[in-house]
Amino acid sequence: MKRQRHSVEFKIQVVQEALEAGNKTAVARRYDIHPNLVHRWTKEYQDGKFGDVDITATPTLDAK
C-alpha cells in the first residue's frame with residue numbers, strides 16, 4: 001500500500017473532530033485512516049507541534 005502525506009490542514013481537521021467527538025477510532029474510520037494516526041496527531045497537537053494553530057478557527061474540509 002502506498003504511503004500518503006497528509007496536509008497540516010487535514011490533520012488539524014481530524015484532530016478537531018476527534019476532540020469534539022471524543023471517539024478517535026470513529027473519526028479514523030470516517031476518514032479511512034489508521035486510528036494510531038489520529039491518536040498521534042492529537043498528541044502532537046496538544047504538545048504544540050502544529051504551532052500556534054487554533055482549531056476553533058479552522059475551516060472544515062470534506063472527508064475523503
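Taking the side chain as every heavy atom from C-beta outward, Leu19 and Tyr45 approach each other to under 4.5 Å. His6 is not listed as a side-chain neighbour of Val14, based on a closest heavy-atom distance of 4.5 Å or more. Residues Val27 and Asn23 are not in side-chain contact: their nearest non-hydrogen atoms beyond the backbone lie 4.5 Å or more apart.
Of all heavy-atom pairs spanning Ala28 and Pro35, the tightest one is CB-CA, 3.6 Å. For the pair Lys24 and Ala18, the tightest heavy-atom approach, listed with the atom from each and the gap, is CG-CB, 3.9 Å. For Val38 against Thr42, the heavy-atom pair with the smallest separation is O-OG1, 2.7 Å.
To the nearest 0.5 angstrom, Glu17 atom CD is 13.0 Å from Ile12 atom CD1. Phe10 CZ to Ile33 CD1: the interatomic distance, rounded to the nearest 0.5 Å, is 5.0 Å.
A donor and an acceptor atom, one from each side chain of Glu9 and Gln13, are nowhere located under 3.5 Å apart.
Taking the side chain to side chain contact (heavy atoms under 4.5 Å, CB included) definition, one finds that Glu44 meets it with Arg40, Trp41, Lys49, Phe50, sequence neighbours left out.
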